[in-house]
Each structure stands twice: as structure tokens, then as C-alpha cells.
Amino acid sequence: MSLSNYDYQTMREALFYKKLADNKIGCELCHQSCQIMPGKRGLCGVRENLDGTLATLVYGKVIAANVDPIEKKPLYHFLPGSQAFSIATVGCNFSCANCQNADISQAPKEKSKILPPISGSDVTAEQIVSLALKSNCQSIAYTYTEPTIFFEFALDCMKLAVKNGLKNIWVSNGYTSQAALEMAKPYLAAVNIDLKFFSEKNYQKICGAKLQPVLDNLIWYKKNNIWLEVTTLLIPTLNEGSDELTKIAKFIKDKLGADTPWHVSAFHPVYKLTKVPPTLTADLKKAWQIGKAVGLHYVYGGNIFGQGLEDTNCSQCGQTVIARSGYQVKRFDQNGQCQKCDAKISGNL
């Protein structure tokens with residue numbers, strides 16, 4: 001079956017792959033490094049081997065498009081109080097048992113949805129950028145699922161966004177290959193990366209992935225001056241223990257810097273983890289305290305509001321410079337500086 005037999009709005013040749021013997025393909029888009037037989041797909045469910053040519057099935061197939069507060073990503077130190085035009089396609093290179101968007105991230109892997117057409121509305125990069133501008137957004141966020149797996153479409157949107165004065169944001173699991181990161185780098189302004197566990201066992205068991213590539217990519221983002229915030233979802237019985245949280249906090253401080261924001265978010269039972277209890281408020285506060293005790297300047301509690309864990313405080317004098325209640329933001333800073341002691345608040349404020 002040749003690529004030309006397909007609607008190019010649904011399938012087009014993918015980036016980052018090599019041809020192997022017997023029409024097999026080695027995908028090099030992410031660290032899953034799938035080897036794909038003819039007629040089969042990679043672990044993401046949206047990259048298919050068509051007679052030795054790797055096709056992306058989701059180019060321009062947008063399954064979700066919304067105007068979101070940038071704090072929802074969550075990004076607290078990048079254009080706070082602004083709106084982000086948020087898009088996604090179906091598919092993901094992880095298979096997280098706790099995925100809150102499993103209906104779209106895991107859909108292409110379900111037997112009933114393997115064959116074309118792939119779900120999503122046909123849109124162009126030009127339309128996405130136009131909608132973002134008309135919605136008075138300052139950025140486009142590639143989110144909800146995993147931006148890596150719709151890289152080709154995201155890249156075209158990103159290039160056009162930059163030309164039109166918009167910033168690009170990824171909300172990612174941090175599994176993108178180095179080659180793809182280098183291609184995205186000129187157009188990518190900020191990322192929020194999930195550091196789900198500090199356990200190789202749980203990364204493999206819960207996510208179907210490995211820890212080390214995520215750690216390596218976090219360091220890469222920091223070294224390449226892309227604004228980085230890190231999120232850890234606290235899942236009871238899996239990663240809410242003090243030892244693991246301390247290891248995560250120390251990694252962030254030692255390898256990414258004390259000014260890197262760490263979001264610790266409450267888990268709610270979902271998808272394949274419906275029998276796991278929700279995160280206790282006390283455990284969220286404990287995680288916040290661990291981050292601060294390790295020496296992180298900016299630690300935030302998420303998914304449980306009204307606990308006083310969402311405000312940005314000056315790392316020098318402790319003054320509240322940005323107050324938050326849910327997604328409502330009130331700024332007291334002066335052009336990114338503390339109004340009391342004039343210390344610089346890290347980020348793009």
C-alpha cells in the first residue's frame with residue numbers, strides 16, 4: 001500500500017525514521033525507538049509503516065482545541081494571567097494507567113479504532129494561528145495528549161506562530177528524541193514536563209516507559225534556555241512517599257536549579273486506577289514542604305484549591321508577588337520584580 005493512496009490530510013510522510021531490512025522502519029521521533037513492521041503502527045498508535053514509508057496519521061487532525069488559562073498547563077512563571085490556545089490530536093507514546101485524557105490519548109490503540117479514519121477535525125496550521133490571534137491568546141499550547149506524537153503538525157504551527165508573535169508551549173511527558181528537540185528548539189519558548197516517578201519500576205509499570213530519558217531531556221531543556229516547569233502527580237501508594245519526593249526535589253534543585261518551579265498535583269481516581277484513593281490534602285502539603293525544605297524557591301500545590309499553595313512568593317523576602325485562586329490571577333510584581341525588595345522573579349513575567 002503506497003502513501004499516495006491516502007488522503008494527505010489524514011496521512012503524510014513522517015519525520016525522524018530510518019528504513020530497515022524487509023520494509024521494516026525504525027522510528028526515531030521519541031525514546032520508545034519503535035521498530036515497525038509493514039502495515040503496523042508504533043506504540044503511539046498514530047505512526048504507521050506503509051510499505052517502508054513512515055506515515056503520520058494525525059497531521060491536521062485536531063481532536064481538541066480550547067482557549068485555556070496558561071495556569072492550567074500548568075505554567076506559573078510564563079506569561080501569567082494570559083490565555084493559551086490549546087490543541088491536541090489523538091495518540092500518545094505513553095500508556096499511563098492514570099491518564100485523565102485516555103479517551104483521546106489511548107484511542108488509536110484500541111482495536112475498534114485501529115483503521116482510518118483517525119478521529120479529529122481537519123485544520124491547517126494557518127487556521128490554528130488565526131484562531132489563536134482572534135482569541136487574544138499570547139501563546140499556543142500543544143497539550144492534552146503528547147505533542148511529540150503530532151510533531152509534524154505542531155512544528156508547522158510553531159513556525160507560523162513565531163512569525164505572528166505568538167509563543168509556543170509544550171505540555172509533555174519528556175520522551176522526545178534529541179533530534180526532534182533540536183528541530184523544535186528555535187520555535188519553543190516554554191514547557192511543562194511531567195516527572196511522574198523517580199522509580200524505573202513504576203515508569204515501566206504505570207507508563208510503559210523509562211525514567212532516564214525523561215531526566216536527560218529535563219536537563220536538555222534547562223541547558224537550552226527553554227523555560228521549564230516540572231509537574232509530579234501525587235498518586236497514593238505509588239509516589240507520595242517522602243523518600244521518592246525528596247529524590248525528585250533534589251534532582252530538580254541540583255540538576256535544573258532552585259528557580260525551576262515544581263508543581264505537585266493531587267491525583268483523582270481515573271482510567272485504570274479507579275481503585276486508588278485520591279490524594280489527601282495533608283500529603284499535598286507534605287510534598288510542598290519537602291520541596292521547600294530541599295531548597296526549591298517555587299513549589300506549588302495543584303488540583304486542590306484554597307490551601308494557600310498556589311501563590312508565587314519572592315524567594316528573597318517571601319512577599320507574595322502573584323496571588324492565585326484557581327485560575328484567577330492577581331499580580332503585585334513590578335515588571336517581574338518583587339514590589340518590596342526589587343528581587344527578580346524567575347521566568348517570563
Side-chain angles (χ1 to χ4, degrees), residues 1-64 87-96 99 101-125 142-158 170-184 188 207-210 213-214 217:
M1 188 177 294
S2 68
L3 186 60
S4 60
N5 290 337
Y6 284 89
D7 178 356
Y8 269 74
Q9 195 67 5
T10 301
M11 296 186 183
R12 66 171 59 195
E13 187 171 3
L15 298 169
F16 305 109
Y17 74 96
K18 61 183 177 183
K19 297 187 177 186
L20 306 174
D22 301 320
N23 270 354
K24 190 160 63 172
I25 281 173
C27 183
E28 299 176 335
L29 177 64
C30 84
H31 286 282
Q32 296 288 14
S33 302
C34 295
Q35 293 196 7
I36 309 170
M37 298 297 292
K40 302 298 182 180
R41 299 181 184 179
L43 289 173
C44 62
V46 297
R47 296 169 79 77
E48 185 170 333
N49 181 344
L50 300 177
D51 285 344
T53 297
L54 186 62
T56 169
L57 313 185
V58 290
Y59 188 94
K61 304 293 289 187
V62 173
I63 193 69
I87 64 170
T89 72
V90 297
C92 187
N93 53 350
F94 278 20
S95 52
C96 297
C99 183
N101 292 321
D103 57 329
I104 56 176
S105 72
Q106 304 303 309
K109 305 175 190 181
E110 296 174 4
K111 187 174 181 180
S112 62
K113 298 180 181 179
I114 285 294
L115 296 176
I118 288 287
S119 298
S121 301
D122 292 332
V123 296
T124 66
Y142 308 82
T143 179
Y144 305 135
T145 58
E146 169 53 46
T148 305
I149 60 91
F150 60 99
F151 184 91
E152 292 81 3
F153 184 63
L155 184 65
D156 285 349
C157 291
M158 291 164 69
W170 279 10
V171 181
S172 172
N173 57 32
Y175 227 56
T176 319
S177 70
Q178 292 298 302
L181 287 176
E182 290 292 342
M183 186 174 286
L188 187 57
C207 306
K210 297 178 181 179
V214 179
N217 278 356

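None of the values given here were measured: they were computed from a predicted structure.
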Open item on the list: Ignoring hydrogens and geometry beyond distance, is a side-chain donor-acceptor pair present between Asn173 and Glu146 at under 3.5 Å?
Closed with: yes
Could you tell me if the side chain of [Y] sits less than 4.5 Å from the side chain of [X], heavy atoms only?
{"X": "Arg41", "Y": "Leu57", "answer": "yes"}
{"X": "Leu43", "Y": "Ser95", "answer": "no"}
{"X": "Met183", "Y": "Met158", "answer": "no"}
{"X": "Leu15", "Y": "Glu28", "answer": "no"}
{"X": "Val62", "Y": "Phe150", "answer": "no"}
{"X": "Leu188", "Y": "Trp170", "answer": "yes"}
{"X": "Tyr142", "Y": "Ile87", "answer": "yes"}
{"X": "Asp122", "Y": "Lys61", "answer": "yes"}

TODO: Kindly say whether Gly208 contributes a backbone atom to a donor-acceptor pair with the side chain of Gln32 at under 3.5 angstrom?
DONE: yes
Task: Backbone N/O of Glu13 and side chain of Tyr59: donor-acceptor pair under 3.5 Å - done: no
Open item on the list: Taking side chain to side chain contact (heavy atoms under 4.5 Å, CB included) as the criterion, tell me which of Val58, Val46, Ile149, Thr89 meets it with Pro108.
Closed with: Val46
Can you see which heavy atom on [X] is nearest to which on [Y], and at what distance?
{"X": "Arg47", "Y": "Ala14", "answer": "NH2-CB, 3.2 Å"}
{"X": "Leu155", "Y": "Ala184", "answer": "CD1-CA, 4.4 Å"}
{"X": "Ser172", "Y": "Gly174", "answer": "OG-N, 2.9 Å"}
{"X": "Leu54", "Y": "Cys27", "answer": "CD2-SG, 3.9 Å"}
{"X": "Asn93", "Y": "Cys30", "answer": "ND2-SG, 3.3 Å"}
{"X": "Thr143", "Y": "Ala88", "answer": "O-CB, 3.0 Å"}

Would you compute the distance between atom [atom1] of [X] and atom [atom2] of [Y] and round it to the nearest 0.5 angstrom?
{"X": "Cys34", "Y": "Ile25", "atom1": "SG", "atom2": "CD1", "value": "11.5 Å"}
{"X": "Thr124", "Y": "Phe153", "atom1": "OG1", "atom2": "CZ", "value": "6.5 Å"}
{"X": "Leu181", "Y": "Thr176", "atom1": "CG", "atom2": "OG1", "value": "5.0 Å"}
{"X": "Tyr17", "Y": "Asn49", "atom1": "OH", "atom2": "CG", "value": "9.0 Å"}
{"X": "Phe151", "Y": "Leu29", "atom1": "CZ", "atom2": "CG", "value": "7.0 Å"}
{"X": "Tyr175", "Y": "Ser33", "atom1": "OH", "atom2": "OG", "value": "8.0 Å"}

